[in-house]
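In this chain, numbering begins with 1 at the start of the sequence shown.
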Amino acid sequence: MWDELAHLDATAQAELVRAGQVKPSELVEAAIRRIESLNPILNAVIYTRFEKALAEASSPELPRGPFRGVPFLLKDLVCHTAGDPFFEGMGFLKALGWREAEDTFLAARFRRAGFVFLGKTNTPELGIVPTTEPAAFGPTRNPWDTSRTPGGSSGGSAAAVASRMVPVAHGNDGGGSIRIPASMCGLVGLKPTRGRTSLGPDYPELPGGLVVEHVLARSVRDTAAILDAVAGPMPGDPSPAPPPARPYREEVGAEPGRLRVGVMRSAPGGLGEVHPDCAQALGSAAELLEDLGHHVEEAWPRALEDPEYAGHFITLWAVGVAGNLRYWEERTGRRIGPEDVEPLTWALAEMGRGYSALDVYTSLAWLAGNTRKVAAWWDGFDLLLTPTIAEPPPLLGELAPDPENPLQALMRGASLVPFTPWVNVTGQPAISLPLWWNREGLPIGVQLVAAYGREDLLIRVASQLEEARPWADRTPRILS
């Protein structure tokens with residue numbers, strides 16, 4: 001029966017439990033078998049807690065939330081769980097055997113929703129690059145072509161969901177880290193509005209408020225319903241997002257009306273060339289939106305083309321890396337040197353330490369001003385359509401840093417993913433949808449961006465596109 005369960009999304013699996021047709025323990029057992037079968041090939045899961053999961057699934061104390069009994073994986077970054085290892089892709093923490101004593105606020109909400117945690121997924125060190133090839137745990141492979149990357153930094157979660165190990169998995173996004181692997185693995189990847197989900201209690205609103213958390217899913221309805229279950233601030237969060245008018249699950253299938261959609265075909269700031277496959281995916285999505293009755297035109301926020309944008313973003317990124325290393329030094333009581341982390345991590349940390357407080361203030365102020373210019377574009381438009389990434393999934397190793405010139409990998413990554421980081425700066429919601437596959441059978445996502453706080457509109461349109469061009473029956477090569 002596990003093959004049948006494998007192709008059900010989280011909503012359908014939860015419905016079976018509520019109807020008494022399947023026990024939570026049966027869902028978990030089936031997912032464990034899938035992980036044991038596929039993970040030796042994909043290396044998506046770097047830590048398992050199967051015995052704990054089976055005990056939790058069989059317990060009468062399993063919460064009766066909307067996803068009671070549904071198996072789930074957590075990305076090994078930011079969101080930690082009580083009693084379990086937590087490494088953030090770092091060999092330094094792996095060598096210490098680091099464990100956390102408590103759940104984060106988000107992990108507790110996932111538990112309250114009824115999810116059963118089966119383990120942790122692979123991530124690049126500190127989530128820095130758009131591929132998942134950490135030195136400490138080895139590369140994760142893309143289920144559609146195991147010679148290629150699944151993206152990053154939520155690449156382990158994406159590979160696990162795409163290969164049907166679990167129906168959904170946790171991810172976070174500080175520059176595209178949900179949307180990028182969603183595109184590369186043929187999944188739905190929603191980056192919520194800044195402050196929609198909490199980073200508490202351990203993590204501050206990281207520099208510029210870039211990071212937000214959610215899931216990688218195979219259906220729009222899962223994305224919406226899980227957001228209902230986990231959204232909302234922890235007391236003391238500095239800038240919670242405005243609450244929605246109604247539950248997000250009610251937006252699935254709701255009529256979006258006739259929308260005005262702008263299309264951006266070229267990389268902002270000239271950061272890279274768009275591959276013909278990605279251009280074709282974008283054009284096809286634009287035509288589909290027109291066929292559905294929306295007004296589509298070539299238009300985008302011109303403020304994104306300012307050449308100063310990338311430099312200010314990298315300032316925040318580098319300061320964030322330096323801050324992360326300081327955080328782990330304080331928590332572990334140990335000094336972190338260049339021998340403890342990957343060359344790119346150390347190079348970025350050194351760069352971050354070189355900035356003054358005034359430099360950081362200047363970048364924050366510049367990006368805030370630019371954000372206002374970008375956001376003003378939505379006064380006349382409802383959505384912006386872009387490629388999610390600029391090229392199909394690269395081969396493993398292409399994005400790996402050269403120890404002699406580690407920052408080159410950062411520039412290579414920037415040319416691959418020029419369409420995602422700016423949305424983290426503005427704090428707007430964006431979603432990557434799997435609407436195209438190229439001739440090699442690789443998924444190519446497209447991105448829709450809405451105004452601040454308008455996940456409701458994204459979910460309406462995404463469900464409309466899902467109905468018009470379904471993707472649920474597409475399965476990766478590894479399952480054929």
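A pairwise comparison of heavy atoms in Arg148 and Pro393 identifies NH1-O, 2.7 Å as the closest pair. Residue Thr121 comes nearest to Ser157 through the heavy atom pair OG1-OG, 2.8 Å, listed as atom of the first residue, atom of the second, then distance. For Ser153 against Leu77, the heavy-atom pair with the smallest separation is OG-CD2, 4.3 Å. Residue Val274 comes nearest to Ala267 through the heavy atom pair CG2-N, 4.3 Å, listed as atom of the first residue, atom of the second, then distance. Nearest heavy atoms, Pro429 versus Ala451: CD-O, 3.2 Å. Shown here for Gly262 and Phe381, the closest heavy-atom pair between the two residues is N-CD2, 3.7 Å.
A side chain to side chain contact (heavy atoms under 4.5 Å, CB included) with Pro392 holds for exactly one of Pro276, Cys278, Ser183; it is Cys278.
Ile459 is not listed as a side-chain neighbour of Thr223, based on a closest heavy-atom distance of 4.5 Å or more. Within the 4.5 Å cutoff, the side chain of Asp145 has no heavy atoms near those of the Glu440 side chain. Side-chain atoms of Asp456 and Arg246, non-hydrogen and from C-beta on, never get closer than 4.5 Å to each other. Residues Phe419 and Ile389 have side chains not in contact (no heavy-atom distance under 4.5 Å, counting atoms from C-beta outward). Counting heavy atoms from C-beta on, the side chains of Leu289 and Val263 never come closer than 4.5 Å. Between Ile178 and Leu216, the closest side-chain pair of non-hydrogen atoms falls below 4.5 Å. Between Tyr309 and Leu367, some side-chain heavy-atom pair lies under the 4.5 Å cut-off.
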Check against side chain to side chain donor-acceptor pair (under 3.5 Å), Thr388 and Ser432: CA-CA 6 Å; Thr388 304; Ser432 180; 2.9 Å; yes
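Relative orientation of the His312 and Trp366 rings is parallel, given thresholds of 30° and 60° on the angle between their planes. Ring geometry for Phe67 versus Phe115: interplanar angle under 30°, hence parallel rather than tilted (30 to 60°).
Residues forming a side-chain contact (heavy atoms from CB on, under 4.5 Å) with Asn39 (at least two apart in sequence, or on another chain): Ile35, Ala44, Val45, Met165. For the side-chain contact (heavy atoms from CB on, under 4.5 Å) test, residues two or more places apart in sequence or in another chain that qualify with Ala400 are Glu133.
If you check the side chains of Thr131 and Thr149, you find a donor sitting under 3.5 Å from an acceptor.
Put simply, the side chain of Arg164 never gets that close to the backbone of Leu8: no donor and acceptor are under 3.5 Å apart. Listed for the Arg460 side chain is no donor-acceptor partner under 3.5 Å among the backbone atoms of Pro256. At distances below 3.5 Å, at least one donor-acceptor pair connects side-chain atoms of Arg258 with backbone N or O atoms of Gly293.
Screening residues 182-199 for salt bridge (Lys or Arg N to Asp or Glu O under 4.0 Å), with sequence neighbours left out, gives Arg196-Glu455.
In this structure, Arg469 does not pair ionically with Glu287, as no charged nitrogen and carboxylate oxygen lie closer than 4.0 Å.
By the neighbour-count criterion of 12 heavy atoms within 6.0 Å, atom CZ of Arg260 is densely surrounded, having more than that number from other residues, nucleotides or ligands. Within a 6.0 Å sphere centred on CD of Glu467, other residues, nucleotides and ligands contribute 12 heavy atoms or fewer. Counted within 6.0 Å of CD on Glu290, heavy atoms from surrounding residues, nucleotides or ligands total more than 12; the atom is thus considered enclosed. Within 6.0 Å of the CD atom in Gln408, the count of heavy atoms belonging to other residues, nucleotides or ligands does not exceed 12.
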